[in-house]
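Sequence lines set the chain letters: A, B, ... in the order given, protein chains first and strands last, and positions in each chain run from 1. Just the heavy atoms: all of them, side chains too, but no hydrogens, waters or symmetry mates, feed the values below.
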Number of protein chains: 2
Amino acid sequence: MWPKSVALRKSAPIFAALGDETRLRLIALLCAGGALSISQLTAGSDITRQAVTKHLQVLADAGLVCDIKQGRERLWEFEPTQLDEARRSLDTIAQQWDQALSKLKSALER
Amino acid sequence: MWPKSVALRKSAPIFAALGDETRLRLIALLCAGGALSISQLTAGSDITRQAVTKHLQVLADAGLVCDIKQGRERLWEFEPTQLDEARRSLDTIAQQWDQALSKLKSALER
DNA sequence: CCATTGTGCAACTAAAAGGTTGCATTAACG
DNA sequence: CGTTAATGCAACCTTTTAGTTGCACAATGG
């Protein structure tokens with residue numbers, strides 16, 4: 001009855017990481033601005049540096065960003081691979097839905 | 001510094017709703033099997049009916065499913081509109097990333 | 001060398017999430 | 001009309017999450 005798809009288990013953590021406004025903002029910043037340090041990412045926000053650090057860690061665990069140590073700074077940059085994984089997952093769902101719809105339609109027609 | 005985009009605030013709850021394996025499974029079931037009752041969705045799972053109900057409520061709050069009362073049953077079905085919203089959101093991010101990359105590339109070339 | 005800047009680490013708190021149990025309610029059915 | 005199946009509602013519990021504060025530590029720049 002219940003699907004135990006591996007793809008679902010893989011993509012759920014990615015969606016969970018994306019499911020926070022603050023993290024989506026961080027991703028948007030890193031997409032536009034290239035590699036940024038924690039301080040830079042914190043500047044202008046209304047949360048503390050440590051909160052930003054935690055969010056970055058969540059994104060890193062999901063494979064959406066990666067960090068490069070450079071001197072005393074730690075630069076973060078966007079990593080598009082897992083985002084593509086999420087996109088494929090959504091496409092698959094939409095595809096199955098379309099398929100179910102067309103099956104239903106053809107069943108109604110006969 | 002921080003983008004206060006409305007699109008981000010809209011799509012974050014959708015991703016959050018998708019960010020749970022159980023809920024992704026529910027969506028997969030509803031995609032394939034059309035409208036299903038709570039009991040049907042619970043059968044074969046390892047959590048209680050009430051837990052399933054809560055997950056369905058989360059999905060409904062995100063606009064990913066809707067319910068139809070029919071007799072003593074409550075049938076749930078997939079609602080693809082918000083999923084498309086999520087897909088557009090991911091596409092936008094990927095697009096901004098590509099754009100940033102090409103800008104960087106052309107800046108390096110000159 | 002000393003002040004400053006950028007981070008890391010740990011403890012702590014408040015709230016939300018995921019799940020359960022128990023009981024009431026509603027509708028179908030012989 | 002009584003039983004049974006499908007749900008709803010509410011209280012409760014445990015773990016996670018989002019955020020904070022405080023302090024230690026490393027690198028940089030006069």
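B:Leu30 approaches B:Glu77 most closely through the heavy-atom pair CD1-C, 4.3 Å. In this structure, B:Ala94 and A:Leu83 approach most closely via the heavy-atom pair N-CD2, 4.0 Å. For B:Ala32 against A:Ala100, the heavy-atom pair with the smallest separation is O-CB, 4.3 Å. Of all heavy-atom pairs between A:Ala17 and A:Leu59, the closest is O-CD2, 4.0 Å.
Distance, A:Leu75 CG to C:dT7 C1': 12 Å, rounded to whole Å. Nucleotide D:dC25 holds its P atom 19 Å from the CZ atom of A:Arg74, rounded to whole Å. Atom pair A:Phe15:CZ and D:dT17:P shows a separation of 18 Å (rounding to whole Å applied). In this structure, B:Ile47 atom CD1 and C:dT20 atom P are separated by 6 Å, rounded to whole Å. Distance B:Leu26 CG to C:dG19 P: 10 Å, rounded to the nearest Å.
Residues A:Ala16 and B:Thr53 each lie close to DNA chain D; by heavy-atom proximity, the contact nearer the 5' end of the strand is made by B:Thr53.
By the 30° and 60° cut-offs, the orientation of the rings of A:Trp97 relative to B:Phe78 is perpendicular.
One finds no side-chain N or O of A:Ser37 lying less than 4.0 angstrom from the OP1 or OP2 phosphate oxygen of C:dG6. Using a 4.0 Å cut-off, no side-chain N or O of B:Thr48 falls inside it from OP1 or OP2 of C:dG19.
At a threshold of 4.0 angstrom between heavy atoms, the contacts of A:Ser39 are confined to the sugar-phosphate backbone, with no base atom among them.
Shown for residues 54-72 of chain A: residues whose heavy atoms fall under 4.0 angstrom of DNA chain D, namely A:Lys54, A:His55, A:Gly71, A:Arg72.
Take A:Glu85 and apply the salt bridge (charged side-chain N to carboxylate O under 4.0 Å, His left out) test, not counting sequence neighbours, and it matches A:Lys10, A:Arg88.
The side chain of A:Glu73 sits closest to C:dT7 out of C:dT7, D:dT20, D:dT7. Here D:dT21 is the nucleotide among C:dG19, D:dT21, D:dT7 with the atom lying nearest to any side-chain atom of A:Gln50.
Between the side chain of A:Arg49 and the base of C:dG8, a donor-acceptor pair under 3.5 Å is found.
The side-chain heavy atoms of A:Arg9 and B:Arg25, taken from C-beta on, include a pair separated by under 4.5 Å.
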